[in-house]
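Heavy atoms only: backbone and side chains are in, while hydrogens, waters and symmetry mates are out. All chains are named by letter (A, B, ...) in the order of the sequence lines, taking the proteins before the strands, and each is independently numbered beginning at 1. If you're wondering where the values come from, they're calculated on a predicted model, not measured in any experiment.
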Number of protein chains: 2
Amino acid sequence: MRPEADDVHELVGRRLREAEQMYTKGRRELVELLLAFGRPASMPDLLELRPKLTQSSMYRNMTDLESAGVVQKIIGTDERTRFELAETLIGHHHHLICTECGAVDDFEVPARTEQALEADLQRALAGTGFRAHSHRLDVIGVCARCA
Amino acid sequence: MRPEADDVHELVGRRLREAEQMYTKGRRELVELLLAFGRPASMPDLLELRPKLTQSSMYRNMTDLESAGVVQKIIGTDERTRFELAETLIGHHHHLICTECGAVDDFEVPARTEQALEADLQRALAGTGFRAHSHRLDVIGVCARCA
DNA sequence: CTACTTGCAAATGCTTTGCAGGAGA
DNA sequence: TCTCCTGCAAAGCATTTGCAAGTAG
């Protein structure tokens, strides 16, 4: 799922409006960077692409975008947090996490697998009192570049 | 899978010896704490239980235990890293992550589900060049206590 | 005796916050 | 004008490292 930039911006604008926030230049730039990056990006990743941006504003804007449901935090195996556009924008998917370089990439599994997994999880959690909201399925290993 | 403490200590001792490291008092205490905790514990969790322990030594020992294959890092949704005994000691399982309090709990799915999942992942990754080493399946939601 | 571990303190690195100035509605 | 956003600097936190002293083998 590789959405058109224009569509994304329009949708993001709408979400921010719903959250009573503005779609400012700084926020638009973050969305563009994430869209271009194509996989979860850490703050250092983004700062390398746009050294002019201010860290604190980026963090603040990322937080705002997150609470508006536009981006989501991804936590890999190293400590730096990564961000990517929300699944409602780029589709449900999972992550390949490289233990060597820490890079995170996206991948998808067939819908059938996804459904079977959901059903199995629901069954496994019945009676635990835990209210499942979503799941996270990551594959840990070594990426093609590091192998 | 709730192993006997004695068995665990013996196995841990063996693993450390294989890694040419000693099973010192500090390391033994960490293993005991993790065993007692029963779910992934953050450093603050452990320090609360044993305020006398030194942070730096705990971190160092945890790192050593990790490279000896005795404990493994768990990364939840908040930034603090959590640790638990390796799956080779307490069995393969998954995590319930509470978005409210950050607590992480263990749960298991039927072996059949696990196998189907493995097969599906293998199929989905064929030809990507990514060398899968393990997977991570977490359920994100709200725990019984916070609900 | 020698190597490894410990404890304390200082340093790192990512992330957050305070505050004054600036831009948009 | 009033509110929200930005930039800069300082603060926070979990984690790491340097170094001298302690301890096991």
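B:H95 has its side chain within reach of B:D106: a pair of non-hydrogen atoms, C-beta onward, lies under 4.5 Å apart. By the 4.5 Å heavy-atom criterion applied to side chains, A:E84 and A:V104 are not counted as neighbours.
Of the residues near DNA chain D, A:L53 and B:M22, the one whose nearest nucleotide (by heavy atom distance) lies more toward the 5' end is A:L53. The nearest heavy atom of DNA chain C to A:K73 and to B:E20 marks one nucleotide each, and the one closer to the 5' end goes with B:E20.
Rounded to whole Å, the distance from CD1 on B:I75 to P on D:dA14 is 15 Å. Distance A:L47 CG to D:dG7 P: 12 Å, rounded to the nearest Å. Residue B:M62 contributes atom CE, which lies 15 Å from atom P of D:dA14 at whole-angstrom precision. Atom pair A:Q55:CD and C:dG18:C1' shows a separation of 17 Å (rounding to whole Å applied). Atom pair A:Q21:CD and D:dT6:P shows a separation of 11 Å (rounding to whole Å applied). Distance CZ (B:R60) to P (D:dT17): 9 Å, rounded to an integer number of Å. Taking atom CG on B:D78 and atom P on C:dT16, their separation rounds to 12 Å, with Å as the unit. Rounded to whole Å, atom C1' of D:dC5 lies 15 Å from atom OH of A:Y23.
Ion pair A:E10/A:R14 flagged as a salt bridge, since at least one NZ, NE, NH1 or NH2 atom sits closer than 4.0 Å to an Asp/Glu carboxylate oxygen.
Look at A:S56 and you won't find any side-chain N or O under 4.0 angstrom from OP1 or OP2 of C:dT17. Side-chain nitrogen and oxygen atoms of A:S57 include none within less than 4.0 Å of the OP1 or OP2 phosphate oxygen of D:dC5. Applying the 4.0 Å criterion to OP1 and OP2 of C:dC14, one finds that A:T81 has every side-chain N and O outside that range.
Side-chain atoms of B:R15 come within 3.5 Å of backbone N or O of B:G69 as a donor-acceptor pair.
Nearest to the side-chain atoms of A:T54 among the listed nucleotides D:dA14, D:dG7, D:dT17 stands D:dG7. Residue B:N61 places its side chain closer to C:dT6 than to any other of D:dC5, C:dT15, C:dT6.
In this structure, A:H92 has its ring center closer than 6.0 angstrom to the ring center of A:H94.
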